[in-house]
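Here is the structure we will look at, set down as structure tokens.
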Amino acid sequence: DSGVTQTPKHLITATGQRVTLRCSPRSGDLSVYWYQQSLDQGLQFLIQYYNGEERAKGNILERFSAQQFPDLHSELNLSSLELGDSALYFCASSGRGRLGRDTQYFGPGTRLTVL
Amino acid sequence: SQQGEEDPQALSIQEGENATMNCSYKTSINNLQWYRQNSGRGLVHLILIRSNEREKHSGRLRVTLDTSKKSSSLLITASRAADTASYFCATDGGGGADGLTFGKGTHLIIQP
């Protein structure tokens, strides 16, 4: 158990809908990262938050957004969903985090299926 | 684009044998991490090696890093059936970029 929790475990929705994925980092970790894993794209970094502020952006679509709250949990919002958004979404957290030089611990993931 | 590229893509060995996986990357890094993933489940962190380190051990795992060749290897000794999984190398962006860049992974199968 990495100490990173994600809810829900599974999500099934229809095209055009909007969903919110939730992540709680390990106790004391200030950085939260979001990743997407799909068969065709592999594992891709989406976005990082550090202590409530956006720190770095990866291959995140404009239809996707994230935020980190004062209690350090994070949410990833996916809107106008398309079939191609079906994937495993992982959250990771790390300690010192601001320079990304620390181990990232991954949650169990949320499997999103868009029908 | 993917930074790390693992080799081989798939590896099947007998239980008790050693398994070696390689990873190559393209740009400068601060550190390189290896992760294991069991069939569609979460990523488990195995080991982190920093750019100023050349070798690191953790239990049955041995990782090497050659920054001049931009490559790393993961050796699992005395393999067990439970080691069957996909193994990924991941590099940080260097230069302040924080998100990890993953390779496509090596799928390791340990035959009992």
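By convention in this document, chain letters (A, B, ...) are assigned in the order of the sequence lines, proteins followed by strands, and residues within each chain are numbered from 1.
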Task: ILVMFWY cluster, A:Val4 and A:Leu30 together (side-chain gap under 4.5 Å) - done: no

Open item on the list: Taking B:Leu46 as the starting point, is it possible to reach B:Val63 by hopping between hydrophobic residues whose side chains are less than 4.5 Å apart?
Closed with: yes

Open item on the list: Are there over 12 heavy-atom neighbours, none belonging to B:Glu55, within less than 6.0 Å of that residue's CD?
Closed with: yes

Task: chain B contact via A:Gln37 - which portion, at a heavy-atom distance below 4.5 Å - done: side chain

- [ ] Is it possible for you to say whether A:Tyr50 and A:Tyr105 belong to one hydrophobic cluster, with membership spreading through side-chain heavy-atom contacts below 4.5 Å?
- [x] no

- [ ] Look up atom CD in A:Gln41 and atom NZ in B:Lys104, then write down how far apart they are to the nearest 0.5 Å.
- [x] 9.5 Å

Open item on the list: Quick check: A:Tyr35 with B:Phe102 (ring centres under 6.0 Å apart)?
Closed with: yes

TODO: Report the distance from atom CD of A:Gln48 to atom CG of B:Leu100, rounding to the nearest 0.5 Å.
DONE: 9.5 Å

TODO: Quick one: do A:Phe45 and B:Thr101 satisfy side-chain contact (heavy atoms from CB on, under 4.5 Å)? Show the steps, please.
DONE: CA-CA 7 Å; A:Phe45 165 64; B:Thr101 303; over 6 Å; no

Task: Nearest-0.5 Å distance that lies between atom CG in B:Leu43 and atom CZ in A:Phe90 - done: 5.0 Å

Open item on the list: Hydrophobic cluster membership, with links at side-chain heavy-atom distances under 4.5 Å among I/L/V/M/F/W/Y: are A:Leu76 and A:Leu72 in one?
Closed with: no

- [ ] Nearest 0.5 Å please: distance from the CG atom of A:Leu88 over to the CZ atom of B:Arg41.
- [x] 11.5 Å

- [ ] Give the minimum heavy-atom separation between A:Thr103 and B:Gln33, together with the two atoms involved.
- [x] CA-OE1, 3.7 Å

Task: Shared hydrophobic cluster, B:Phe88 / A:Trp34 (ILVMFWY, side-chain heavy atoms < 4.5 Å) - done: no

